[in-house]
Amino acid sequence: QVQVVESGGGLVQPGGSLRLSCAASRFTSNFYAIAWFRQAPGKEREGVSCITTSDGSTKYADSVKGRFTISRDNAKNTVYLQMNSLKAEDTAVYYCAARYVSRLWVPRSIEVNDYNYWGQGTQVTVSS
């Protein structure tokens, strides 16, 4: 069973930065994608960013473009989400999720229902 574990959340002031990590393990294929989602109180879970571990193709939600960067370290089976210029509206529980993909798969959306394996989440609070 695929396992994903998030870390790196915390409290940060507006304009600050945080880096989240997602350690993924037990894949039976080299072709998979890792995504970050977030869920604020009273809101639906939404896709933030995703990356394929094979060729590093990425996709971002419009709300985080230019502020967040997703990256991977295949040697460590870890995906990172660097979050800069954080705003109060970025406050949420951030989840890491994984799915198997085909070799030529290109991320065109970041949908909750497309991902099968989920972490427990890590809280990110942006507040002064």
Side-chain angles (χ1 to χ4, degrees):
Q1 179 80 353
V2 172
Q3 196 170 39
V4 290
V5 179
E6 310 95 337
S7 62
L11 173 65
V12 63
Q13 292 186 342
S17 298
L18 274 178
R19 189 178 79 160
L20 305 182
S21 298
C22 174
S25 61
R26 303 181 184 174
F27 288 98
T28 58
S29 167
N30 289 329
F31 302 109
Y32 55 93
I34 301 289
W36 287 97
F37 293 82
R38 66 185 181 186
Q39 188 165 20
K43 295 189 176 181
E44 292 187 354
R45 193 170 297 189
E46 63 173 356
V48 174
S49 183
C50 69
I51 188 167
T52 59
T53 54
S54 54
D55 66 358
S57 296
T58 60
K59 186 163 182 68
Y60 295 92
D62 288 343
S63 59
V64 305
K65 280 181 183 176
R67 300 189 299 123
F68 291 12
T69 303
I70 193 168
S71 62
R72 75 200 196 283
D73 184 336
N74 287 349
K76 295 182 178 180
N77 292 327
T78 300
V79 168
Y80 304 99
L81 185 68
Q82 178 67 43
M83 306 185 295
N84 298 330
S85 302
L86 282 162
K87 307 174 183 179
E89 50 263 45
D90 295 317
T91 296
V93 177
Y94 282 70
Y95 296 90
C96 178
R99 59 168 290 182
Y100 287 107
V101 299
S102 65
R103 184 171 63 87
L104 300 178
W105 185 80
V106 176
R108 291 188 170 84
S109 63
I110 315 167
E111 302 292 340
V112 170
N113 291 337
D114 290 342
Y115 287 80
N116 309 107
Y117 309 101
W118 291 81
Q120 294 301 307
T122 184
Q123 177 70 46
V124 172
T125 302
V126 184
S127 175
S128 55

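Side chains are part of it too, since the values below use all heavy atoms of this structure and drop only hydrogens, waters and symmetry mates. Keep in mind that what you see is a predicted model, and the values were worked out from it rather than measured.
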Quiz: residues 120-127 side-chain donor-acceptor pairs under 3.5 angstrom, not counting sequence neighbours:
from, atom 1, to, atom 2, distance (Å)
Thr122, OG1, Gly9, N, 3.2
Gln123, NE2, Ala92, O, 3.4
Gln123, NE2, Thr125, OG1, 3.3

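- Among residues at least two apart or in separate chains, there is no salt bridge (Lys or Arg N to Asp or Glu O under 4.0 Å) pair with a member in residues 103-126.
- Among residues two or more places apart in sequence or in another chain, the side-chain hydrogen bond (donor to acceptor under 3.5 Å, both in side chains) test is passed with Asp73 by none.
- Note: Thr58 OG1 to Ile51 CD1 = 6.5 Å, rounded to the nearest 0.5 Å.
- Criterion: ILVMFWY side-chain heavy atoms under 4.5 Å apart, direct or through other members. Under it, Ile110 and Val2 are not part of a common hydrophobic cluster.
- The closest donor-acceptor contact from the side chain of Ser57 to the backbone of Thr52 lies at 3.5 Å or more, if one exists at all.
- Ser49 is listed as a side-chain neighbour of Leu81, based on a closest heavy-atom distance under 4.5 Å.
- Residues that satisfy the side-chain hydrogen bond (donor to acceptor under 3.5 Å, both in side chains) test with Ser7, not counting sequence neighbours, are absent from this structure.
- Between Val79 and Ile70 the shortest side-chain heavy-atom distance falls below 4.5 Å.
- In this view, Arg67 and Asp90 satisfy the side-chain hydrogen bond (donor to acceptor under 3.5 Å, both in side chains) rule, not counting sequence neighbours.
- Applying the ring-ring contact (aromatic ring centres under 6.0 Å, His included) rule to pairs touching residues 1-51 yields Phe27-Tyr32, Phe27-Tyr100, Phe37-Tyr115, Phe37-Trp118, sequence neighbours excluded.
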Pair Ile34-Cys96, side chain to side chain contact (heavy atoms under 4.5 Å, CB included): steps then yes or no
CA-CA 7 Å; Ile34 301 289; Cys96 178; 3.6 Å; yes
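- The disulfide (SG to SG under 2.5 Å) pairs that include a residue from residues 32-65 number zero, where partners must be two or more places apart or lie in different chains.
- Sorted by first and then second residue, the disulfide (SG to SG under 2.5 Å) pairs involving residues 97-128 (not counting sequence neighbours) form an empty list.
- Within the 3.5 Å criterion, the main-chain N or O of Thr53 finds a donor-acceptor partner in the side chain of Asn74.
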Identify all side-chain donor-acceptor contacts of residues 12-26 below 3.5 Å with residues at least two apart in sequence or on another chain.
from, atom 1, to, atom 2, distance (Å)
Ser17, OG, Asn84, OD1, 2.9

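- Residue pairs meeting the ring-ring contact (aromatic ring centres under 6.0 Å, His included) criterion with at least one member in residues 38-69, sequence neighbours excluded, do not occur.
- Val112 and Val64 fall into different hydrophobic clusters, where Ile, Leu, Val, Met, Phe, Trp and Tyr side chains are chained together by heavy-atom contacts under 4.5 Å.
- Every pair passing salt bridge (Lys or Arg N to Asp or Glu O under 4.0 Å) that includes a residue from residues 39-54 is listed here, sequence neighbours excluded: Arg38-Glu46.
- You'll find the side chain of Glu6 stays beyond 4.5 Å of the side chain of Tyr94, heavy atoms only.
- Evaluation of the side-chain hydrogen bond (donor to acceptor under 3.5 Å, both in side chains) rule for Thr69 yields no partner, not counting sequence neighbours.
- Atoms CG and CZ, from Asp55 and Arg72 in turn, are 7.0 Å apart once rounded to the nearest 0.5 Å.
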